[in-house]
2 protein chains.
Amino acid sequence: MTKQKSNTLSDSEVQQRLRAIGLRPTRQRLALATLLFAQGDRHVSADDLFKEARANGIAVSLATIYNTLHEFTAKGLLRAVSVDSLGTYFDTNASDHHHFFFERSGHLQDIPKNNVHISSLPQAPKGTKVSRVDVVIRLKD
Amino acid sequence: MTKQKSNTLSDSEVQQRLRAIGLRPTRQRLALATLLFAQGDRHVSADDLFKEARANGIAVSLATIYNTLHEFTAKGLLRAVSVDSLGTYFDTNASDHHHFFFERSGHLQDIPKNNVHISSLPQAPKGTKVSRVDVVIRLKD
DNA sequence: ATTTGTGCAAATCGTTTGCATCTGA
DNA sequence: TCAGATGCAAACGATTTGCACAAAT
């Protein structure tokens, strides 16, 4: 049972959100943003979203799915995660957190940020600065 | 400093190592193992190794490169690492350690294991057990 | 009117597979 | 001999690109 929608942001809400980040609220961006953020945290692949869109009668091409996913990621609405080389998942939870990775299924699950504490980190090589620290706990399931 | 190459293991050494893990010491496996482990720790892509082999006059097909890399990984001689979805790197350091990832170049660098301490980990979901914990420190360079 | 976005199909890229042919033990 | 290994080329799956057309401001 998927988390039920206490969701479905209104079109105008989504519209404003898109404008706020500098993206024109086109039909497909509106539709995709609504799909993506209506439910709780998810990890969707481009193909997942493509199928979901079609299932909901939204006419959008795969190329646009990719464009949109990347734009949203660049704007901080999504976070791209990829483990092993099985494509990329886009996490609708863009906040700082880590993941469990089920090796068998290739499935990802969020780990609340405060459930993982890194007590010591090496210093970043000179001339660089830490962009982000990703922790993936691989599970044998 | 990097481990100096007092390297170039003798053929017989490599041969024994391969036999020890149950792989027939064929020409190409011998040659590839020698290339891979002659130098210190490295992160090579299948294509890197392919080119390196050809450059050294070793006749081997790309398919065999992949087969060999995967066999070595399965046997614990190598460790597969992949960040973002830029293909897979095979780390000649198969011990437990983490990585710096230079976002601009896509380059990887080992971080000695004891330079990163994780003081608290969430418990693994029931029915699963932790296979490995990967930490990647992404660097803006 | 301009600028920006979209769709489609072809093109890339890394990796895998099928299968006929070799090779090591 | 013969299971196991290799090479080649075709097949693949995810992602990107080029370009003409459509939509947003």
Side-chain angles (χ1 to χ4, degrees), chain A residues 11-12 14-35 43-54 57-75 77-78 80-90 105-106 108, chain B residues 11-12 14-33 35 43-54 57-75 77-78 80-90 106 108:
Chain A
D11 265 27
S12 56
V14 178
Q15 227 166 336
Q16 289 179 43
R17 187 143 184 215
L18 290 179
R19 280 216 169 69
I21 59 177
L23 292 179
R24 277 164 37 173
T26 63
R27 297 183 186 306
Q28 25 284 351
R29 294 214 270 234
L30 268 166
L32 295 177
T34 301
L35 277 183
H43 300 93
V44 298
S45 68
D47 196 56
D48 289 339
L49 186 56
F50 182 52
K51 294 200 176 95
E52 192 175 335
R54 310 193 107 234
I58 300 168
V60 62
S61 71
L62 190 52
T64 296
I65 294 279
Y66 276 104
N67 286 338
T68 304
L69 249 13
H70 287 151
E71 290 158 352
F72 285 5
T73 299
K75 298 298 187 174
L77 257 41
L78 294 174
V81 184
S82 60
V83 183
D84 284 4
S85 38
L86 348 130
T88 304
Y89 281 107
F90 294 86
S105 62
L108 284 172
Chain B
D11 265 25
S12 56
V14 178
Q15 227 165 337
Q16 287 180 44
R17 190 146 184 213
L18 290 179
R19 278 213 171 68
I21 58 177
L23 291 179
R24 275 158 48 166
T26 63
R27 297 182 187 305
Q28 25 286 331
R29 293 212 272 234
L30 268 166
L32 295 178
L35 278 183
H43 300 94
V44 298
S45 68
D47 196 57
D48 290 338
L49 186 58
F50 183 52
K51 294 201 177 93
E52 192 176 335
R54 309 194 109 234
I58 299 168
V60 62
S61 72
L62 189 53
T64 296
I65 294 278
Y66 275 104
N67 287 337
T68 303
L69 250 13
H70 287 151
E71 290 158 353
F72 285 5
T73 299
K75 298 298 187 175
L77 257 43
L78 295 174
V81 185
S82 60
V83 183
D84 281 4
S85 38
L86 347 130
T88 304
Y89 280 107
F90 293 85
L108 283 173

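Proteins come first, then strands; the chains are lettered A, B, ... in the order of their sequence lines, and each starts at number 1.
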[N] [atom2] sits how many Å from [X] [atom1], rounded?
| X | N | atom1 | atom2 | value |
| --- | --- | --- | --- | --- |
| A/Arg19 | D/dA24 | CZ | P | 11 Å |
| A/Ile65 | D/dA14 | CD1 | C1' | 14 Å |
| B/Gln28 | D/dG4 | CD | P | 17 Å |
| A/Ile58 | C/dG7 | CD1 | C1' | 16 Å |
| A/Leu30 | D/dT25 | CG | C1' | 15 Å |
| B/Asn67 | C/dT17 | CG | P | 10 Å |
| B/Asp84 | D/dT16 | CG | C1' | 16 Å |
| B/Glu71 | C/dT16 | CD | C1' | 14 Å |

Problem set entry | Comparing A/Gly22 and B/Tyr89 on DNA chain C - which has the more 5′ nearest nucleotide |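 It is A/Gly22, whose closest nucleotide lies nearer the 5' terminus.
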Exercise. Any side-chain donor-acceptor pair under 3.5 Å between B/Ser82 and A/Ser85?
Worked result: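 No, no side-chain donor-acceptor pair sits under 3.5 Å.
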Exercise. Is there a donor in the side chain of B/Ser45 and an acceptor in the side chain of B/Asp48, or the other way round, less than 3.5 Å apart?
Worked result: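 The answer is yes; a qualifying pair exists.
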Do the side-chain N or O atoms of [X] get closer than 4.0 angstrom to the phosphate oxygens (OP1, OP2) of [N]?
| X | N | answer |
| --- | --- | --- |
| B/Arg24 | D/dT6 | no |
| B/Tyr66 | C/dT15 | yes |
| B/Arg27 | C/dG24 | yes |
| A/Thr88 | D/dT15 | yes |
| A/Thr64 | C/dG5 | no |
| A/His70 | D/dT16 | yes |

For this session: Check every atom of C/dT15, D/dA9, D/dT15 against the side chain of B/Ala63 and return the nucleotide holding the closest atom.
Result: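 Selected nucleotide (nearest to the side chain): D/dA9.
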For this session: With the side chain of B/Val60 defined as its heavy atoms from C-beta on, choose the nearest nucleotide among C/dA25, C/dG5, D/dG7.
Result: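 The listed nucleotide nearest to B/Val60's side chain is D/dG7.
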For this session: Have a look at A/Leu86 and say if it touches a base, only the backbone sugar-phosphate, or nothing, with a 4.0 Å heavy-atom cut-off.
Result: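 Here A/Leu86 touches no strand at all.
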Atom [atom1] of [X] and atom [atom2] of [Y]: how far apart are they, to the nearest 0.5 Å?
| X | Y | atom1 | atom2 | result |
| --- | --- | --- | --- | --- |
| A/Phe90 | A/His70 | CZ | NE2 | 4.0 Å |
| A/Leu69 | A/Phe50 | CG | CZ | 12.5 Å |
| A/Asp47 | A/Leu62 | CG | CG | 7.0 Å |

For this session: Quick one: closest heavy-atom pair of B/Ala53 and B/Val60, and the distance?
Result: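 Scanning both residues, the minimum pair turns out to be CB-CG1, 3.7 Å.
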Exercise. Going by the salt bridge (charged side-chain N to carboxylate O under 4.0 Å, His left out) test, which pairs reach into residues 18-28 of chain B, not counting sequence neighbours?
Worked result: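 Not a single pair qualifies under salt bridge (charged side-chain N to carboxylate O under 4.0 Å, His left out).
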Problem set entry | Residue among B/Thr73, B/Leu32, B/Leu77 satisfying side-chain contact (heavy atoms from CB on, under 4.5 Å) with B/Thr68 |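 That would be B/Leu32; it is the only one of B/Thr73, B/Leu32, B/Leu77 passing the side-chain contact (heavy atoms from CB on, under 4.5 Å) with B/Thr68.
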For this session: Would you write the dot-bracket representation of DNA chain D, where each base gets (, ), [, ], | or . depending on whether it forms a Watson-Crick or G-U pair under 3.5 Å and with which partner?
Result: ||||||||||.|||.||||||||||
